[in-house]
Every structure is written in C-alpha cells, then in structure tokens.
Amino acid sequence: MKYPLMLAGLLLASPVLADEKPVLTVYAPDYFTSEWGPGPAIEAGFETVCDCDLKFVAGDMLPRILLEGEKTEADAVIGLNTDVTARARATGLFAPHNEETSALSLPIAWTDPVFLPFNWGETAFVYDKTRLTNPPASFQELIDAPDDAYKIAIQDPRSSASGLALLLWVKAIYGDQAPQVWAKLAPKVLTVTPGWSESYGLFTDGEVDMVLSYTTSPAYHLIAEQDDTKVAAIFPEGHYFSTEVAAQLRTTDQPELAQKFMDYILSDDFQGMIATANWSYPAVIKPGFLPEGFATLPRPAKTLFYSEDEAEALRGPALAEWLAAFGK
Amino acid sequence: MRTPRPWPAMIAGALVTALILAPLGAVALRGGGLARLGPAELSALWFTLWQAVVSAGLSCLIAVPVARALHRRRFPGRRALITALGAPFILPTVVAVMGLVAVFGRRGIVNAGLGAAGLPEVSIYGAQGVILAHVFFNLPLATRMVLQGWQAIPAERLRLAASLGMGPGPVQRHLEIPMLRAVLPGAFLAIFLVCLGSFAIALILGGGPRATTLELAIYQAFRFDFDLARAAALGLTQVALTLAALGFARLIARAPGFGAGLDRAPVAGLGTGPGLCAHDTAAILAAALFLMTPIALVLIRGLPALPDLPPLIWRASANSLAVALASTVLTLVLALPLALATPRHPLAEAAGMLPLAASGLVLGTGLFLLARPFVSPTDLALPLTFVLNAVLSLPFVLRLLVPEVRNLAADYDRLSNSLGLSGLTRLRRITLPRLARPLGFGAGLAAAFSMGDLGVIALFGNGDRITLPLALYQLMGAYRMDQAAAAACLLIALSFALFALFDRIGHHAQPR
C-alpha cells in the first residue's frame, strides 16, 4: 500500500508535481466530485481547453473557506447552495465572475455579479404514481389532507440545503401563516433525515409515500432506469427555486485560469452535460441540451425565490417556527 | 515491591488526550472562547442524556440473560453464533438504519405480519426508534462483555458450587452477582457513551427535531450558524459528561475477587432442567432473530446489484481495508499499555475513554485548524482517518480489556513478582495469553469500526482517496440506491470478515 510513501510525503512536505502544468484548485461538494457526479466529465472537458491541471477538493466548502480565510488554496468554488452565498459574500474573499448573466435561462432574474449559477431546479415533493393514487394537487391540498393521507420524508433544515429550502418555500407561500402550516404538515411527516440521500432512500424503499426532493428527480428514473413511475407533484402556488453556484476567489494565484473556468461554466460543453451528469436543468438551455426525459417533465407555472438578504433574514425565525411545530 | 513507572501508558495517555483536547481548544480559540448554551442546546442535552441512559440500561438488561444462555448451553455452531451476534455493532449507521427499517418500518416485515393478523401498525419513528436502534447496535457489545465476565469465572468455583449442591439462587448470589457487579458498570458506561455521540440514527429514526442530540446541535452550530464558540462549548459538554460517567462507573464497579483457576473447561451441569433450558433457548433465539434479521435483509436487498458495482468500489475497498488494518494495530498499541496501567492509575482509563466524548465534527475541524499552518490538510486525509479511527475505537478495546486486567492483577501479580517475571517475559508468558480473547474481540471491533467509519475524510478528502463508506454515501447521493445497497452488502461482508478473523485468532490464543 501507499502508506509508507504517503507518510514520507507528509514529512517532506508536499511532493513536487512531475508535470509543470499550472494547477487550478476548485473546491466542490462531495457529491459533485464523485465518480457518479458531474466532476470527472467537467475536469476532463476543462483540461482539454485550459492546458492546466484541474484539481477538485471535495468537502464542506464554505466552512472550509471560512476556516482558511485569505490563505485558502482554492482558486474557485463550484456547488455552493444559495443558502450560504450571503455568508460567503460577507467574507469578501470572492471576486466578480465577469460573465454575461443575461445569457442564463433561469425562471427567475439573476444579476449577481459574484455567484454564477450553473444548474437549477425547484424543490418539490416526489411520489410514486403506482403507489400513491391520490396525490395532492396543490400545497394547500397537501396541508389540508387528513393526517394519515400521506407519509412524507423531509430533510432537517439545520443540516441540509433542501431542508432549508422547504422552510423558505412555505414562507414564500404562506408568510405569517407558516406556523399553522407546519402544525398541519407535521403529522404527515414520517421522519426528518440529516440529508437528502437518507430521505430519498426511504422513498425508493417504499417506506414513505412522498419525499422532499426536486422537480428534476423524476428525470433520473426516466432516463437512467427507464422508470416513469416517479413523479413530482406540481403545485399552482409555485415551487421554490434551487440553484448551485460557482465563484472565483479574489486571493487566487491563477486569476486567468480561474476566469477561464468561469467562462467554461457557461460554455456549451459544460452546460450540455449538466442535465444527465447533474440531474438538474442547465443554467443555459440551448436546443439539444435537454434529453427527452427532461423536456417532458412538467414545469411549475410559478417559481418562488427570496433574494439573498431576505432569505438570510428569514432563516432564523423560519427555523424557530419549524422547530416549534416539529419539536412537540 | 518496586513498581516501575508505566512509561508506555503515560505516553499513550498523553497522546490520546492531546489528540482529543487540542482540536477542541483550537476550535474554541478560533471561535473566540466558549458560548453559553441556550434553551435549544439544553433540551438537546436532556434528550441525549435520557435516551443514552435508557438505551444503555436496556442493552445491559437484555444482555444478561442472552450471555448467560450462551455461557450455559453447548450446541453446534455456538461459537459461530457468538461471533455472528457481534455483527450489528460494526455496521455503519446508514446500513443499520436500512436494515431496521426493512424489519420494523412501515413496509417492514413486522408490520406486514401485524397487518396480516389484523393488529395495529407499530411505528419505529420516535424516541422508541432511537432506543430500538441503539439497543440493536449495542446489545452485541454488552452481550460479549457479560459473556466474557462469565467465562472469566474460574471453572473450579463453578465445580465447587455444583459439588456443594448450590441451586440457581445461591449460584447467582455468590458467583453471578459479584461478576455482574464488576462487568456491567463498564458495559453500561461504554454504551452510554456511544449513545451520547449518536447523530444520524437519532435523527432518521427519531422522527424529527424532538430527537435532537448534542451531536446534531454541534452540526447545526457548524453548518447553519458557523458558530465555533458554541460548537466548542457543546464539545466540552460532551467531554465533561464522559468524565462524569466514567467517575460514576468507577464508584460502582467492584472486582469480583474469585481468585485464579486452572483454566479448565467449564462444567456442564449448572442450570440444567427443562425450565432453564427452555428459558435459555428462548433468549438465544430471540437475540439471534433480533440481531440477524435486519442484517439478512440488507444483504438480500444488496446482493442482486453486486455485479453492477463499478471498479472504483474495489479500490475504495482496498483503501478501507488498509486503513482498517493499520488503525487496528495502532489501537492495540495504545490500548494495551493503558489497560495494564488502569488498576493502579485511574487516569489511564480516563484518557483511554476520552475519545468516546469526541465529536467527529469538532475533532475534524480542530485538526484541520491545527494542521493547516504546516501541511495541506488534503494530503492528510488518509493518515488522519487512520489515526482517528484508531483513537476512536480505543475506548471499546480498553473497555473489554479493563475487567480482565483487573482479574489478572488480582490473580497473578503476586505469583509473577515472586517468580521475578517482569517486562517482556511477563507480557509474553502471562499477560498476552490471558488477554488473548478480549484482545482478539477488541481488535475485531476496532478493525470493523474503522472499516465502516466515514471518519474525517469528509472534511479532508480530495476525491481520489475514497473509502468504501464514502463511496456508499456518494452512490446514495447520486440516486443509485440499488448500487448503494450492494456497496452496503460488500461493506458488511468485509467488516464482518475482518472482525471474525481477529475474534477467532483471539479465541484460539486464549489458554482456555
């Protein structure tokens, strides 16, 4: 095994790289860099145009950058959720992306000069139409349904971005009525999991009727498994927007490469693979970017989204309301 | 009588203490001190405490009849069963939850049976689910600790009891109760501490924020609020709780003082009679059913997709195996001197149990802060996983060794001293053979534990040094639930093989 070698490497500080290509270090979430995420294809694609070595570092990015501060090794980050952009921006560590945001095909207006979206979708409840014959036709119907009508798995807003998105979704539709909504929803929630994966596992195992996920989730089953039984319940009240963003660091020692990476994010090469590599909508939609399974997905008529400042101000009180209802 | 200073134990103790407390200090320092705990954290503390007390109490209570039955009965496959019953303890959380849901969930076999019989559904979600899962996880540990206690009662005492015509009552009073008094506080302590640090189980099966544990509160402090001062305060609370529990267990535990035996085979003849026999059979069957069914269902669910696993999984498995073996060696190197020092130096035990108090997140973040000025933390991913896994499994190994070391000290110290046996000769001739069984079992637990642990790789990883549990989570995160189930299957098989291997070695090396 590599241990003696690695330990020796540790003692002698970092080993010198054999090839002299410049390295672009990009922090990304663990799912992103995994063999089953979009990371490997993006790495290969970018390296053919940049004449550099793109190195992904997987992990919980924002805490890591907050800990590292000015001395961070990251040249760019990709995969931040909008729930943390306010805190990320406040560090002053990020530089403008210099891209034309009018090129984006998002259902909402996006003019942020620092954080650049590369994918999107909306939060939705996903169900199996062969198991659930009476899905709710609206958020209101879901809330008003008898306590035993559906068993739902959701994610904890304290540990998961999609869990937090549900809080903001309910706030966006119901505002001050949120506590009453939670009180009616709580008996239908079978359990709250730390992250999305555990919830979704409970759903695919048939343990819950519905799971808090994304409008784009059924596309995976359609395309990868030829399974058309998984459907997102589309509500006329609207669905909460979810996007992942990328940004470059002000402190980078490779500013040109970092900028090139920002350019690459909006390129046809990158955007064309997002649908099936990331199972979400690409931020730029051109003909051919959406395979058949995606093109036929039902779209919500309305997309809800809070500005960063509104969301940041809301998340504390919204969490308190949620905890009050679910903590009983 | 001259007692040399236990240098190896002092070094091991200092290393472990530093490894646990320094990161906590680094986090507190970075956070600008410790924050006061608010009502939300206090309620998390309360839930954490009571569920841990109930889970540990139940595990110990159930372990006594199961261990007694396993000790009294002889049947084909008994030793294989004892090894197999250790399996749940080594499961990664997410795999254990999969299995429990398959048995006790809404669509599980228990509710299917109840439904067919026209009975109301039982729910696994809520405090009862957390406790059920913790008992499932920890009953194996408790059973083995108690069984070890039974096996440590010299056969001569049991023969004497039999020849004096003692019935089950007096045997219980004179032999079993003193033994349990020596073993149970330690078992309770270990399980209590395991349950203190629970996070994912409590949340998934707890049904929601009612079941917020300290560990989740720490997660929230990091992820939701990035409040390092609060995270450090919560981390310190865990350390304080651990030390308090340790002191309490020391107050209660008493050495049984049976004296040494001649390592003869245990007598058959105690606990005969159809009533006791039926009782024991029921205890063994119930435990086997409870512990084995969830694992069997995970295996069945995962097997079909096993051939579909990508080649990456095999690399991840090799990484995991290497880390597991390396950290097992380190665990034993740390555990043995600490355990041998405990009869005279209570601090050795405290140092060795401290890792149970460590929150993974605080530890990871603290080490990250400490390492950063010197090396790139990414390069440290695997070595740190190896060291931390070793240190985190130290308390279990220590817990298994301590009661045996106490007996050893009481029974053989004078003999060894009068023979002038010391140093390595004594270690080789007396100590190691007497401790072979707990060492083997402990090494098995450590190896499997390290195999299944996600470790700090989540914070330090750079993507190419993947371990099997990480691959499992990545598959789940990429919608590939069938392949994730297959990876779980593989993880169980590998962990269990490692565990069984060490357990067997220990068993064969013990003189009796």
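Throughout, a chain's letter reflects where its sequence line sits, starting with A, and its residues are numbered from 1. What you see is a predicted model, and the numbers here were worked out from it, not measured in a lab.
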Below 4.5 Å from any heavy atom of chain B, which atoms of A/Val208 appear? Answer side chain, backbone, both or neither.
backbone
How would you list all residue pairs meeting salt bridge (charged side-chain N to carboxylate O under 4.0 Å, His left out) that involve residues 31-43 of chain A, not counting sequence neighbours?
none
State whether the side chain of A/Thr193 and the backbone N or O of B/Ile204 hold a donor-acceptor pair below 3.5 Å, judged by distance alone.
no
Given that the side chain runs from C-beta out, which part of A/Ala277 has a heavy atom under 4.5 Å from chain B: side chain, backbone, both or neither?
neither
Stacked cation flag A/Arg158 on B/Tyr219, 6.0 angstrom / 45 deg:
no
Determine whether A/Leu319 and B/Phe224 make a side-chain contact, defined as any pair of heavy atoms from C-beta on separated by less than 4.5 Å.
yes
The interface call for A/Thr72 against chain B, heavy-atom contacts under 4.5 Å, is backbone
Can you say whether A/Ser199 sits under 4.5 Å from chain B via the side chain, the backbone, both, or neither, judging by heavy atoms?
neither
What option among A/Arg315, A/Glu225, A/Met61 has the most heavy-atom pairs under 4.5 Å with chain B?
A/Arg315
Contact origin within A/Tyr200 toward chain B - heavy atom pairs under 4.5 Å
both
Does any backbone or side-chain atom of B/Leu475 lie under 4.5 Å from a heavy atom of chain A? Answer side chain, backbone, both or neither.
both
May I ask you to name which of B/Ala471, B/Pro209, B/Ala478 has the most heavy-atom pairs under 4.5 Å with chain A?
B/Pro209
Student check: side-chain heavy atoms of A/Trp36 and B/Gln474 closer than 4.5 Å:
yes
Taking atom CD of B/Gln220 and atom CG of A/Leu323, what is their separation to the nearest 0.5 Å?
7.0 Å
Heavy-atom pairs under 4.5 Å with chain B are the metric here; pick the option from A/Gly201, A/Ser213, A/Gly206 that has the most.
A/Gly206
Go through the atoms of A/Leu164 and report whether side chain, backbone, both or neither lie under 4.5 Å from a heavy atom of chain B.
side chain
side-chain contact (heavy atoms from CB on, under 4.5 Å) evaluation trace for A/Asp205 with B/Arg301:
CA-CA 10 Å; A/Asp205 280 349; B/Arg301 161 98 168 79; 3.0 Å; yes
Most contact-rich option vs chain B, by heavy-atom pairs under 4.5 angstrom, among A/Leu66, A/Asp83, A/Val189, is A/Leu66
Without hydrogens or angle criteria, can the side chains of B/Tyr479 and A/Thr204 be said to hold a donor-acceptor pair below 3.5 Å?
no
Measure the spacing between OG of A/Ser197 and CE of B/Met476 and express it to the nearest 0.5 Å.
5.5 Å
So, the part of B/Arg480 with a heavy atom under 4.5 Å from chain A: the answer is both
Residue pair B/Arg106, A/Asp148: steps toward the salt bridge (Lys or Arg N to Asp or Glu O under 4.0 Å) verdict:
CA-CA 12 Å; B/Arg106 284 180 67 226; A/Asp148 57 357; over 6 Å; no
So what's closer than 4.5 Å to chain A heavy atoms on B/Arg30: side chain, backbone, both or neither?
side chain
Return the set of residues passing side-chain hydrogen bond (donor to acceptor under 3.5 Å, both in side chains) with A/Glu207 (not counting sequence neighbours), or none when no residue passes.
B/Tyr125
Select one option (side chain, backbone, both, neither) describing which atoms of A/Ile154 are under 4.5 Å from chain B's heavy atoms.
neither
Are the side chains of A/Leu67 and B/Leu369 in contact, using a 4.5 Å heavy-atom criterion?
yes
Is A/Arg87 close to chain B through its backbone or its side chain, or both, or neither, when contacts mean heavy atoms under 4.5 Å?
side chain
For B/Leu216 and A/Asp156: C-alpha separation, side-chain torsions, deciding distance, then whether side-chain contact (heavy atoms from CB on, under 4.5 Å) applies.
CA-CA 10 Å; B/Leu216 177 68; A/Asp156 197 306; 4.0 Å; yes
